Each structure stands twice: as C-alpha cells, then as structure tokens.
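What you see is a predicted model, and the numbers here were worked out from it, not measured in a lab. Side chains included, hydrogens not; waters and symmetry mates left out as well; all remaining heavy atoms used.
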Amino acid sequence: MKRIPVIAGNWKMNTGIDDAVKLVKTMLPDLEKFSSVEKVVCPPFVSLDAVKKALKESSVKLGAQNLFYEDKGAYTGEVAPPMLAGLCEYVIIGHSERRQYFGETDEIVDKKLKAAIKNGLKPIFCIGEKLEENESGKTELVLLRQLLVCSDHANFSNGIIIAYEPVWAIGTGRAATAAQAEKTIAYIRRVVTEQQGGDIGGAVRILYGGSVTAANIAELMKQLDIDGALVGGASLKVDDFVSIARQASEIKK
Ligand code: PEP
C-alpha cells in the first residue's frame, strides 16, 4: 500500500512570531520543490496564525504541538481543540516532553486524541520507550501499552500519524539505527494491524523521531515501514530541514 511520506518539524519552545515567520519563509521556496513528501511545520501556539499566513497557498502544512481535551472552560493557559480547528491541520499529541515534564499519562493522551479527531484535527501521536525500558528489554511492552490505551477509542483510520520516538534518542544526538527503528516500527504496524485490521495497519503512516539529521535520514527512509520523520532540533536549521525533506522525497519517490 502506498503511503505518502511525511517530514514534520517540531519547533518546540523556540522562535517568537517574527523569527517563526522568517524561518518558514526562508525554507518555503525549497520545501515547495519536494512534491512526493508531505511537509509539516509545528511552531509554538503564539506563532500559528502568523505562520499560517506565511504558508498561504503553499503545500507546507501546519501543526500545533499540543492541545487540551475540553472544548472550553476554566482551564487557564490551555488551548481547546475548536480553537485549533481551522487554524492548523495537525497536532502533536503525547510527545515525551509533555509526558515527562507536564505529567501527561496514557489516559490524558487518549482524551486528547479523541478530542483532536472530534474536531477534525489530525494527531501526530507520539509513543516511545525510556532508556531503562529499552535496556531492560521492555520496548515492545511499553509501546503496546501506549498503543492499546489509546487505540481503543482513537480509530487509526481518522488520519492519525504515529511517531515512534524513543525517549533516549530525543535531543541527545544518539539516534536509533535505521535497523532498530525499522524493527520497532514494523512491530507497531503489526500491533495496529492486529487491533484494527490490515487495511488500517497497512495505511497508517508511522514516523521515526529522535536526533534525525541530514546525515542519518537517508538510511531511515530506505526502510520499508518508516514513512518519514518527526524532526526536532534539525527542523530549526533551514539547510538541514530542507536536506531532510529532499532526501526523504527522493528516496520514497
Ligand atoms: C522531537 O522533538 O520530537 C525530536 C525528535 O527532537 P530531536 O530531533 O531534536 O531529537
């Protein structure tokens, strides 16, 4: 089954409005050339509107980095799904930094997935094991738990993208090898297939994330089950992000 590859940039808590617009405008002419890959940028909330205007009529898509699961109410500082609907197409949910620093549990992630889908937003659903879980051979168990808590309610036919992001690889410069990432992503696809059927398992796009660079993207993209990358640090560097998108587009042509 043909799956359109995705290269998504998670800008995390970087760039104010002016810098965000400058960054995206600098990348845009090159990113536009790579038509066989879907490109997504996820700036901080405050820059979404300005970046949306900068992206007008381009093929580059916009994503948010988080949302809250209630539609409205007394939740100071939170952003509701209906506020994002119409503003962006994607939303990152369950990023390990949210799980680690903001106490997001699988149950909260599940509510966020459902809220995003209800509001027509496409989740980039992040899962991944910690270093000690990896070293004690619990990777598949952890991923299964993360997938099962959420997959009961969030049907993967609704445009969900899964991002496999081993926590030990995020921001560390220590990416998983292409073989490691492929083995784990193939496992995730098997779980989705068992849970939701072959059509959905074969169609769902699964990205790798964790210290992706212009130097390691090619090997990752050559793997059968890896459909792209969620890129953190390198997505803030124009030449690197453009090179990552270019290589992904050429390899998956
Ligand atoms: C991320 O933020 O999702 C990520 C993978 O970060 P980095 O590429 O910097 O490791």
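- The shortest side-chain heavy-atom distance between R174 and L131 falls under the 4.5 Å cut-off.
- V41 and Y90 fall into different hydrophobic clusters, defined by Ile, Leu, Val, Met, Phe, Trp and Tyr side-chain heavy atoms under 4.5 Å apart, directly or through other members.
- In this structure, Q195 and L148 have side chains that are in contact, with non-hydrogen atoms separated by less than 4.5 Å.
- Interatomic distance, Q65 CD to H95 NE2, rounded to the nearest 0.5 Å: 8.5 Å.
- If you check the side chains of K39 and S59, you find a donor sitting under 3.5 Å from an acceptor.
- For E133 and T139, the side-chain atoms include no donor-acceptor pair closer than 3.5 Å.
- Inter-residue side-chain proximity for F125 and V109 is flagged as met; some heavy-atom pair is nearer than 4.5 Å.
- For the residue pair W168 / E129, a side-chain donor-acceptor distance below 3.5 Å is found, with atom types taken as modelled.
- Hydrophobic clustering (ILVMFWY, side-chain heavy atoms < 4.5 Å, transitive): L55 and V21 are in distinct clusters.
- Linking Ile, Leu, Val, Met, Phe, Trp and Tyr residues whenever their side-chain heavy atoms come within less than 4.5 Å places L236 and V212 in a single cluster.
- In terms of heavy-atom proximity, G201 sits nearest to T193 at CA-OG1, 3.2 Å.
- Test K112, K111, R99 against E104 for salt bridge (charged side-chain N to carboxylate O under 4.0 Å, His left out) and you get one pass: K112.
- Within a 6.0 Å sphere centred on NZ of K183, other residues, nucleotides and ligands contribute 12 heavy atoms or fewer.
- Each of I188, T184, I127 was checked for a side chain to side chain contact (heavy atoms under 4.5 Å, CB included) with I206, and the lone residue meeting it is I188.
- Between L23 and W11 there is a side-chain heavy-atom pair separated by less than 4.5 Å.
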Item to check | side chain to side chain contact (heavy atoms under 4.5 Å, CB included) between Q180 and N134, intermediate numbers included | outcome: CA-CA 11 Å; Q180 277 173 328; N134 180 283; 5.7 Å; no
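- Looking only at side-chain heavy atoms (C-beta outward), V40 and I161 stay at 4.5 Å or farther from each other.
- Side-chain atoms of K118 and P81, non-hydrogen and from C-beta on, never get closer than 4.5 Å to each other.
- Every pair passing side chain to side chain donor-acceptor pair (under 3.5 Å) that includes a residue from residues 239-248 is listed here, sequence neighbours excluded: S243-Q247.
- Remark: the backbone N or O of I93 is not paired with any side-chain donor or acceptor of R98 at under 3.5 angstrom.
- When the side chains of ILVMFWY residues are joined at heavy-atom separations under 4.5 Å, either directly or via intervening members, L207 and V37 end up in two distinct hydrophobic clusters.
- Scanning for ring-ring contact (aromatic ring centres under 6.0 Å, His included) contacts around F68 gives Y75, with sequence neighbours left out.
- Proximity of L230 to C126: side-chain heavy atoms (C-beta onward) are separated by under 4.5 Å at one or more points.
- If you chain together hydrophobic residues whose side chains sit under 4.5 Å apart, F241 and L28 fall into the same group.
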